Amino acid sequence: MTADIEEKLARIGITGTLYKLYLTAVGLGGASITEVAAKAGLARTTAHDALAKLEEEGLIRFVDHGKRRFVVAQDPGVLLERIEARRQMLEDVMPVLRSMYHHETGKPNVRFHPGPEGIRTTLWDTLSGGDTVLRATLSMKELMAEPGLDEMERYLTERAQRGIWLHVIRSAERDIAPIWPSSQEQRRELRYAPPAHQLAMTCFIYGNKVALISSARESYGMIIDSAEFAAFQASMFDAMWSLSIPT
């Protein structure tokens, strides 16, 4: 049984001296550093450094009583919390790591972000490409529903403050409020698509990425990280831009 525990704890980095001291602390419940070290068969100085590492990991805590310092093992449930925290950290950085990986290998990467939060994530990612100009087609009717006017205003303000120009094509029939016109101050140039072309979906082209934002009914955002696809979409946008009507 002990060998089985040792093998499993080793998989999460609790090995050697750390393993001996943690199990000793769990078995003793509460004891001085000297007692824990002796029970684990280790020198006090060696044990002290390892116990400090266990404290950093949240597996034990030190309790001072007079001139003596006692070691108290934390509830083993901390191990699960530790694993969950690492899993969450990896989930947070995984999109960036995958993006870096696909750039190095030349492989495209598609990220699907469901729901309202996914739409917001996709929207704000469009400011991460290091561009001085964003190409976009905006469907105002859909954007008013999700992510909503307040979030869009925050986004547009932040974009302008970063000095990023927005070249945007909209469909006049889908504009439901007289806002977001061409503006030197807001670094925005607006053109309306020919009436025969109804733009019912929002799309951004930036860096090597293309971001798509659906209607609130379908509720998703999607980011396609592909240099070839982004270049193709940029060419399509430029063709539509040349046909669209300046405001």
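Since the structure is predicted, the reported quantities are computational estimates derived from the model, not experimental observations. Atoms considered below: every heavy atom in the structure, side chains included; atoms not considered: hydrogens, waters and symmetry mates.
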Tell me whether [X] contacts the main-chain N or O of [Y] through its side chain, where contact means a donor paired with an acceptor under 3.5 Å.
| X | Y | result |
| --- | --- | --- |
| T202 | S139 | yes |
| E146 | L143 | no |
| E35 | S32 | yes |
| S215 | E142 | no |
| T122 | L212 | no |
| R111 | G221 | no |
| N208 | D225 | no |
| R162 | L127 | yes |
| S171 | R174 | no |

Could you name each residue pair satisfying side chain to side chain donor-acceptor pair (under 3.5 Å) that touches residues 48-60, not counting sequence neighbours?
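Residue pairs passing side chain to side chain donor-acceptor pair (under 3.5 Å), neighbours aside: E57-R82.
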
Drop me the distance from [X]'s [atom1] to [Y]'s [atom2], to the nearest 0.5 angstrom.
| X | Y | atom1 | atom2 | value |
| --- | --- | --- | --- | --- |
| K20 | T24 | NZ | OG1 | 9.0 Å |
| T137 | L199 | OG1 | CG | 5.5 Å |
| T121 | Y220 | OG1 | OH | 15.5 Å |
| L134 | H167 | CG | NE2 | 10.0 Å |
| T126 | I213 | OG1 | CD1 | 7.0 Å |
| K209 | D125 | NZ | CG | 4.0 Å |

Taking C-beta and beyond as the side chain, do [X] and [Y] meet within less than 4.5 Å on heavy atoms?
| X | Y | result |
| --- | --- | --- |
| D175 | W180 | no |
| I179 | L149 | yes |
| L156 | Q186 | no |
| V36 | F70 | no |

Report, as yes or no, whether the 6.0 Å neighbourhood of atom CD on E158 holds more than 12 heavy atoms from other residues, nucleotides or ligands.
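Counting neighbours around CD of E158, more than 12 heavy atoms of other residues, nucleotides or ligands fall under 6.0 Å, so yes.
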
Between T34 and R44, do the side chains contain an N or O donor and an N or O acceptor separated by less than 3.5 Å?
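Per modelled atom types, T34 and R44 side chains form a pair under 3.5 Å.
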
If two hydrophobic side chains count as joined below 4.5 Å and joins carry through other members, does [X] share a cluster with [Y]?
| X | Y | answer |
| --- | --- | --- |
| V71 | Y19 | yes |
| V72 | L54 | no |
| V168 | Y192 | yes |

Residue among L42, L21, T46, L59 satisfying side chain to side chain contact (heavy atoms under 4.5 Å, CB included) with L51
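Among L42, L21, T46, L59, the one that satisfies the side chain to side chain contact (heavy atoms under 4.5 Å, CB included) with L51 is L21.
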
Taking all atoms of both residues into account, what is the closest heavy-atom pair of C203 and V210, and its distance?
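Residues C203 and V210, closest heavy atoms: SG-CG1, 3.7 Å.
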
Can you see which heavy atom on I119 is nearest to which on S214, and at what distance?
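Closest approach of I119 to S214: CD1-O, 4.3 Å.
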
Distance-only criterion, 3.5 Å: show the donor-acceptor pairs between side-chain atoms of residues 230-247 and protein atoms not counting sequence neighbours.
unit_1	atom_1	unit_2	atom_2	d
S235	OG	A231	O	3.2
D238	OD1	R135	NE	2.9
D238	OD2	R135	NH2	3.3
S242	OG	A239	O	2.6
S244	OG	M240	O	2.8
T247	OG1	S182	OG	3.1
T247	OG1	L190	O	3.2

